[in-house]
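In what follows, a structure is listed as structure tokens, so that the remarks can point back to it.
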Amino acid sequence: MPELPEVELLRRELDAALPGRWIVGVDVRLPKVFRADPGLDCRDLVGVEVRSVARRGKHLMAHLSGDLCLVLHLRLSGQLVLRQGEATLAAGGHPVPRFDVQLPHKSTHIIFDFAAVDGEPASPAATRLYFTDIRQFGFCHLMASERLAGYLEAKSLGPEAIADSLTLEEFARIVGRRPRARLKSLLLDQSAVSGLGNIYADEALFLARLYPQRQAGSLALLEVSSLLEGIRAALGYALENGVAHVVNGRASPGTEFPRVHGREGELCPRCGAEIVRLRLGGRSTYFCPSCQPERAD
DNA sequence: AACTACTCCTGGAGGC
DNA sequence: TGCCTCCAGGAGTAGT
């Protein structure tokens with residue numbers, strides 16, 4: 001599912017391709033996925049220029065001319081594909097359906113049309129951004145730029161999981177604030193640290209050799225440090241080497257990343273023990289019972 | 001504070 | 001083949 005690495009890699013592609021382009025049309029095919037603040041609607045996007053594409057946690061923010069901002073959240077299965085004619089200029093988010101299929105299709109809910117930019121032929125192939133979401137949980141939200149800070153504030157997002165500014169000292173403080181929380185739940189809580197989802201939370205705990213059900217308050221400082229390193233390593237690996245490929249809760253065969261998530265019954269790449277699945281808060285959690293023992297020795 | 005359960009939704013998998 | 005049930009999950013909310 002799109003988590004921080006998927007969203008960040010998509011952001012980079014969009015930020016390389018969209019700024020300077022003007023929106024000339026918006027086709028909202030599924031109204032519930034397009035939200036707007038009072039007094040605004042999708043027609044206000046026509047004639048607006050994209051200035052930059054930013055990210056906070058798993059939220060994408062397109063900063064627009066006219067003091068507007070479009071916030072996107074992909075949730076479970078959202079994806080964005082930017083096409084110019086047949087060519088794909090940017091694509092990311094949930095890998096299903098594949099990025100190279102014919103667009104639009106029945107799960108394409110919003111289409112943004114862009115005008116040609118300077119240097120392109122007078123009538124270039126149409127440039128379109130397709131918002132697709134099989135499960136329809138993702139959304140776009142149009143608001144005035146000045147409203148963005150308040151909007152994000154209301155989400156109570158914790159610090160970015162990969163920010164250099166997230167020091168061990170601060171992370172220890174965050175962990176210490178929820179002493180009874182299970183580690184897995186803590187990592188999924190966007191108000192603690194933002195950006196992790198089910199996949200990378202499992203990977204971070206595996207790298208840190210920590211049992212997902214450990215209570216946060218039971219960690220020694222060295223373990224808190226390992227956990228922070230595990231988070232950075234799991235996210236950093238995905239940002240540098242390509243994102244984890246997991247579909248319907250199963251890791252793709254033949255891949256080595258993710259290492260434990262979606263691999264129940266497979267062998268731990270570190271010690272060879274069998275990877276176990278646990279249901280925690282209604283969510284599947286995968287770990288190695290040998291590398292991540294219940295009690296620290 | 002921290003847990004569970006439920007909601008939104010579709011598509012894929014497995015059972016029979 | 002087809003119908004049924006279950007499962008995947010981010011985040012919000014309600015209840016305990």
Side-chain angles (χ1 to χ4, degrees), chain A residues 1-8 10 29-35 55-61 71-80 92-98 101 104-110 131-141 151-158 160-161 173-204 212-219 235 238 243-253 258 260-265 275 277-286:
Chain A
M1 311 305 114
E3 302 180 26
L4 189 151
E6 288 81 2
V7 177
E8 172 60 19
L10 174 58
R29 296 147 53 103
L30 183 67
K32 70 168 186 175
V33 306
F34 191 96
R35 307 172 186 175
R55 182 188 59 76
R56 177 74 176 94
K58 301 172 194 169
H59 300 259
L60 280 173
M61 293 98 65
V71 177
L72 291 103
H73 198 302
L74 302 175
R75 289 282 183 99
L76 299 180
S77 55
Q79 63 170 227
L80 289 169
H94 191 61
V96 177
R98 290 161 49 118
V101 298
H105 51 66
K106 66 175 181 176
S107 295
T108 302
H109 305 313
I110 306 175
F131 175 78
T132 288
D133 189 348
I134 295 172
R135 291 175 193 156
Q136 305 180 5
F137 290 164
F139 59 87
C140 297
H141 191 136
Y151 177 87
L152 293 175
E153 182 77 20
K155 307 279 181 192
S156 304
L157 298 174
E160 289 287 315
R173 208 161 30 234
I174 290 165
V175 170
R177 260 200 300 265
R178 296 166 176 75
R180 298 179 61 84
R182 310 285 174 182
L183 294 180
K184 178 66 182 285
S185 304
L186 181 78
L187 295 187
L188 290 179
D189 183 352
Q190 303 300 299
S191 72
V193 169
S194 65
L196 290 163
N198 208 29
I199 297 170
Y200 295 98
D202 282 359
E203 295 301 297
Q213 299 238 60
R214 279 277 294 277
Q215 288 187 314
S218 76
L219 296 191
L235 297 176
V243 298
H245 200 80
V246 178
V247 175
N248 288 324
R250 297 299 301 173
S252 298
V260 286
H261 185 91
R263 296 193 187 276
E264 181 181 20
I275 292 165
R277 181 172 75 111
L278 189 71
R279 274 194 91 74
L280 217 164
R283 226 125 261 150
S284 283
T285 293
Y286 300 84

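Lettering of chains follows the sequences in order, A, B, ..., and the numbering in each one begins at 1. Small disclaimer: the values here were computed from a predicted structure and weren't measured.
- For residues 184-199 of chain A, proximity to DNA chain B is found at no residue, defined as any non-hydrogen atom under 4.0 angstrom from a strand atom.
- Between Leu187(A) and Leu196(A), the shortest heavy-atom contact is O-CB, 3.5 Å.
- For Lys58(A), there are no salt bridge (Lys or Arg N to Asp or Glu O under 4.0 Å) partners, not counting sequence neighbours.
- No engagement by Pro2(A) is indicated, since no non-hydrogen atom pair under 4.0 Å with the nucleic acid exists.
- Shown here are the side-chain contact (heavy atoms from CB on, under 4.5 Å) partners of Arg180(A), two or more places apart in sequence or in another chain: Gln215(A).
- Side-chain N/O atoms of Glu6(A) and Tyr200(A) include a donor and acceptor closer than 3.5 Å.
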Run the side-chain contact (heavy atoms from CB on, under 4.5 Å) test on Thr285(A) and Gln213(A) for me, step by step, so that the C-alpha distance in whole Å, both residues' side-chain angles and the decisive distance to 0.1 Å come before the verdict.
CA-CA 10 Å; Thr285(A) 293; Gln213(A) 299 238 60; over 6 Å; no

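- Distance alone, capped at 3.5 Å, is enough to place a donor-acceptor pair between the Ser194(A) side chain and the Gly158(A) backbone.
- Checked options Leu186(A), Leu280(A), Leu183(A); the residue passing with Pro212(A) is Leu280(A) (criterion: side chain to side chain contact (heavy atoms under 4.5 Å, CB included)).
- Put simply, Arg182(A) has a side-chain N or O that comes within less than 4.0 Å of OP1 or OP2 on dC3(B).
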Starting at the 5' end of nucleotides 8-15 of chain B, put B wherever the base has a protein heavy atom under 4.0 Å, S where only the sugar-phosphate does, and a dash everywhere else.
BBBSS---

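- In this model, no donor atom of one side chain and acceptor atom of the other lie less than 3.5 Å apart for Thr132(A) and Ser107(A).
- Separating the CZ atom of Arg177(A) from the P atom of dA1(B) is a distance of 11 Å, rounded to the nearest angstrom.
- Among the atoms of the strands shown, none is found under 4.0 Å from any heavy atom of Arg250(A).
- Here the C1' atom of nucleotide dA1(B) and the CD atom of Gln215(A) are 12 Å apart, to the nearest Å.
- His261(A) comes within 4.0 angstrom of sugar-phosphate atoms only, judged by non-hydrogen atoms across all strands, and of no base.
- Exactly one of Arg263(A), Arg277(A), Lys184(A) qualifies for a salt bridge (Lys or Arg N to Asp or Glu O under 4.0 Å) with Asp202(A). That residue is Lys184(A).
- Counting non-hydrogen atoms under 4.0 angstrom, Arg283(A) reaches a base of the nucleic acid.
- Interface limits on DNA chain C: the 5'-most and 3'-most nucleotides within less than 4.0 Å of chain A heavy atoms are dA8(C) to dG12(C).
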Step by step, would you call Gln136(A) with His109(A) a side-chain contact (heavy atoms from CB on, under 4.5 Å)?
CA-CA 8 Å; Gln136(A) 305 180 5; His109(A) 305 313; 3.7 Å; yes

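- Taking the screw axis at each terminus of the helix from dA2(B)-dT16(C) to dC16(B)-dG2(C) from five consecutive base pairs, the angle between the two is 50° to within rounding of 10 degrees.
- In terms of heavy-atom proximity, Leu74(A) sits nearest to Gly93(A) at CD1-CA, 3.8 Å.
- At the heavy-atom level, Ser77(A) lies nowhere under 4.0 Å from the strands shown.
- In this structure, Val101(A) and Arg98(A) approach most closely via the heavy-atom pair CG2-O, 3.3 Å.
- The shortest side-chain heavy-atom distance between Asn198(A) and His261(A) falls under the 4.5 Å cut-off.
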